[in-house]
Protein chains: 2
Amino acid sequence: MSRLKHPKQFPAADHDHKTCITHALQEAEAYCKQQGLRLTELRRRVLELIWANHQPVGAYDLLEQLTREGRKAAPPTIYRSLDFLMQSGLIHRITSLNAYVGCNHPGLDHAAQFFICEYCGQAAEMDDAQIVSAIAKDAKRLGFTVEKRTIEVAGICAHCRHHSET
Amino acid sequence: MSRLKHPKQFPAADHDHKTCITHALQEAEAYCKQQGLRLTELRRRVLELIWANHQPVGAYDLLEQLTREGRKAAPPTIYRSLDFLMQSGLIHRITSLNAYVGCNHPGLDHAAQFFICEYCGQAAEMDDAQIVSAIAKDAKRLGFTVEKRTIEVAGICAHCRHHSET
DNA sequence: CGGATATTGTTATAATATAACGTAACATTA
DNA sequence: TAATGTTACGTTATATTATAACAATATCCG
Ligand SMILES: [Zn+2]
Ligand SMILES: [Zn+2]
Ligand SMILES: [Zn+2]
Ligand SMILES: [Zn+2]
């Protein structure tokens with residue numbers, strides 16, 4: 001039950017995203033190897049496409065990209081890969097967008113909260129213990145056993161807000 | 001910016017639900033009248049069907065019920081009513097279920113959080129200031145302007161857990 | 001190798017939601 | 001009340017997201 005001390009910031013507009021991608025794939029490789037999970041060519045490629053940026057991406061978008069690459073792909077192709085990646089903790093599903101985004105710290109037990117910019121589409125993953133404990137408190141009072149939390153905040157990120165101001 | 005002091009409890013198994021329904025519809029009538037919103041026959045009926053119980057209900061379920069009542073109804077019929085009811089603050093959409101549930105306190109400015117039992121399907125609406133302020137704190141640190149929060153907790157309610165224990 | 005298991009291919013279909021356009025009901029005011 | 005504008009509803013078609021079912025292939029292990 002480890003927990004991050006410093007939740008991720010919103011991805012800066014000018015950050016070096018190539019390192020995000022290579023780092024994510026390296027972590028995924030290592031984690032799967034260690035856990036005996038089979039990160040096949042297809043699954044690896046889907047993960048790579050998801051990590052192409054910090055914007056959650058839809059299943060059919062991914063499907064179209066696979067098809068354009070010449071791969072034989074149908075909806076089950078992509079959904080099965082997404083299932084594997086989610087069960088392995090390598091990606092998250094953003095329920096409010098029906099879209100998928102890479103996990104910032106796979107392998108760690110964490111509740112994820114997402115802040116999603118409605119302008120640029122970027123999503124920041126957080127792991128705020130205060131939110132989690134506030135929910136736990138309510139659950140305790142209700143006698144409710146928590147299985148899964150869906151916490152997604154839509155709005156405007158700092159960068160987009162500054163640019164939209166006259 | 002009023003806020004409830006005593007968040008609702010999980011609906012008890014044996015509560016008198018008829019009063020929930022009549023109360024909800026009376027409130028809706030009064031609120032719409034006061035706000036100049038047109039709670040038409042169709043919209044009223046859809047709201048009533050949603051309040052039939054405390055389980056979020058899907059759009060196509062509602063559609064089927066309308067059809068069985070002899071009303072001419074197609075998907076747009078129900079989705080337009082749902083849009084009206086949501087915009088008027090009379091119902092909430094449960095994103096993780098693609099389903100709709102009556103609001104417990106329409107007319108009041110409130111962030112809603114839902115605790116949803118995976119066994120009985122019942123949903124409890126809460127308005128926990130601690131959750132809201134924890135999110136606000138994160139948002140402030142990120143420079144993020146919050147527009148909409150989606151907070152849905154799935155799990156097992158006290159009643160169902162007691163019944164599932166050997 | 002050979003049989004078991006896991007992954008992928010393939011076709012069809014389910015479930016949720018919206019676009020587009022016409023008609024009817026209602027409201028406003030001349 | 002008739003003309004007019006507005007809102008709501010009817011209707012058909014289609015978009016979007018996701019899964020069922022079964023066949024073919026690849027991978028693992030004794
Ligand atoms: Zn990046
Ligand atoms: Zn994560
Ligand atoms: Zn009730
Ligand atoms: Zn509410």
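Letters A, B, ... are given to chains in the order of the sequence lines, protein chains preceding strands, and every chain is numbered from 1.
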Check your understanding: Expressed in angstrom and rounded to an integer, what is the separation of Arg71(B) atom CZ from dC9(D) atom C1'?
Key -> 10 Å
Review point. Other hydrophobic cluster members with Val101(A), side-chain heavy atoms of Ile/Leu/Val/Met/Phe/Trp/Tyr under 4.5 Å, chained?
Key: Ile94(A), Leu97(A), Phe114(A), Ile116(A)
Check your understanding: Should the pair Phe10(B) and Phe144(A) be assigned to parallel (<30°), tilted (30 to 60°) or perpendicular (>60°) ring geometry?
Key -> tilted
**Study point:** Side chain to side chain, His110(A) and Cys103(A), heavy atoms closer than 4.5 Å
**Key:** yes
Practice item. For His23(B) and Thr19(B), indicate whether the former's side chain and the latter's backbone hold a donor-acceptor pair under 3.5 Å. Key: no
Exercise for review: For atom NE2 of His15(B), decide whether the heavy atoms of other residues, nucleotides or ligands shown that lie under 6.0 angstrom number more than 12.
Suggested key: yes
Point to revise | Hydrophobic cluster (4.5 angstrom, side-chain heavy atoms) - remaining members for Tyr119(B) | key: Ile156(B)
Study note, to complete from the structure: Quick note, salt bridge (charged side-chain N to carboxylate O under 4.0 Å, His left out) partners involving residues 69-95 of chain A, not counting sequence neighbours, are Arg45(A)-Glu69(A)
Exercise for review: Using chain A heavy atoms and a threshold of under 4.0 Å, write down where along DNA chain C the contacts begin and end, 5' to 3'.
Suggested key: dA6(C) to dT11(C)
**Study point:** Backbone of Ala52(B) reached by a side-chain donor or acceptor of His17(B) within 3.5 Å
**Key:** yes
Practice item. Name every residue in residues 39-49 of chain B that has at least one heavy atom under 4.0 Å from any atom of DNA chain D, in order of residue number, or write none if there are no such residues. Key: Thr40(B), Leu42(B), Arg43(B)
Exercise for review: Heavy atoms only: give me the nearest Cys120(B)-Gln55(B) pair and the separation to one decimal.
Suggested key: O-NE2, 2.9 Å
Please report, to 0.1 Å, the donor-acceptor pairs under 3.5 Å made by any side chain of residues 32-43 of chain B, with sequence neighbours excluded.
residue: Thr40(B); atom: OG1; partner: Arg43(B); partner atom: N; Å: 3.3
residue: Arg43(B); atom: NH1; partner: Arg38(B); partner atom: O; Å: 2.7

Point to revise | Inter-axis angle, terminal five-pair segments of the helix from dC1(C)-dG30(D) to dA30(C)-dT1(D) [nearest 10°] | key: 30°
Check your understanding: Which atom pair, heavy atoms only, marks the closest approach of Ala154(B) to Glu118(B)?
Key -> CB-OE2, 3.6 Å
Practice item. Describe, in one word, how the ring planes of Trp51(B) and His54(B) are oriented to each other, choosing from parallel (under 30°), tilted (30 to 60°) and perpendicular (over 60°). Key: perpendicular
Practice item. List the steps, then state whether side chain to side chain contact (heavy atoms under 4.5 Å, CB included) holds for Ile135(A) with Gln113(B). Key: CA-CA 9 Å; Ile135(A) 288 173; Gln113(B) 303 100 39; over 6 Å; no
**Study point:** Nearest-angstrom distance from the residue atom CG of Asp83(A) to P of dT19(D)
**Key:** 7 Å
Check your understanding: When you measure from every atom of DNA chain D, which of residues 27-34 of chain A have a heavy atom less than 4.0 Å away?
Key -> none
Exercise for review: Can you run down the salt bridge (charged side-chain N to carboxylate O under 4.0 Å, His left out) pairs that involve residues 13-29 of chain B, sequence neighbours left out, and say none if there aren't any?
Suggested key: Glu29(B)-Arg44(B)
Got a list of protein N/O to nucleotides 15-18 of chain D N/O distances below 3.5 Å?
residue: dA18(D); atom: OP1; partner: Arg93(A); partner atom: NE; Å: 3.4
residue: dA18(D); atom: OP1; partner: Arg93(A); partner atom: NH2; Å: 2.1
residue: dA18(D); atom: OP2; partner: Tyr79(A); partner atom: OH; Å: 3.0
residue: dA18(D); atom: OP2; partner: Tyr100(A); partner atom: OH; Å: 3.2
residue: dA18(D); atom: O5'; partner: Tyr79(A); partner atom: OH; Å: 3.4
residue: dA18(D); atom: N7; partner: Tyr60(A); partner atom: OH; Å: 2.5
residue: dA18(D); atom: N6; partner: Tyr60(A); partner atom: OH; Å: 3.3

Review point. Just by distance, do the side chain of Ser88(A) and the backbone of Leu85(A) share a donor-acceptor pair under 3.5 Å?
Key: no
Polar atom pairs (N or O), protein with nucleotides 22-27 of chain D, under 3.5 Å:
none

Point to revise | Closest contact, heavy atoms only, Pro106(A) versus Leu90(A) | key: CB-CD2, 3.7 Å
Review point. Residues in side chain to side chain donor-acceptor pair (under 3.5 Å) with Ser96(B), at least two apart?
Key: Glu152(B)
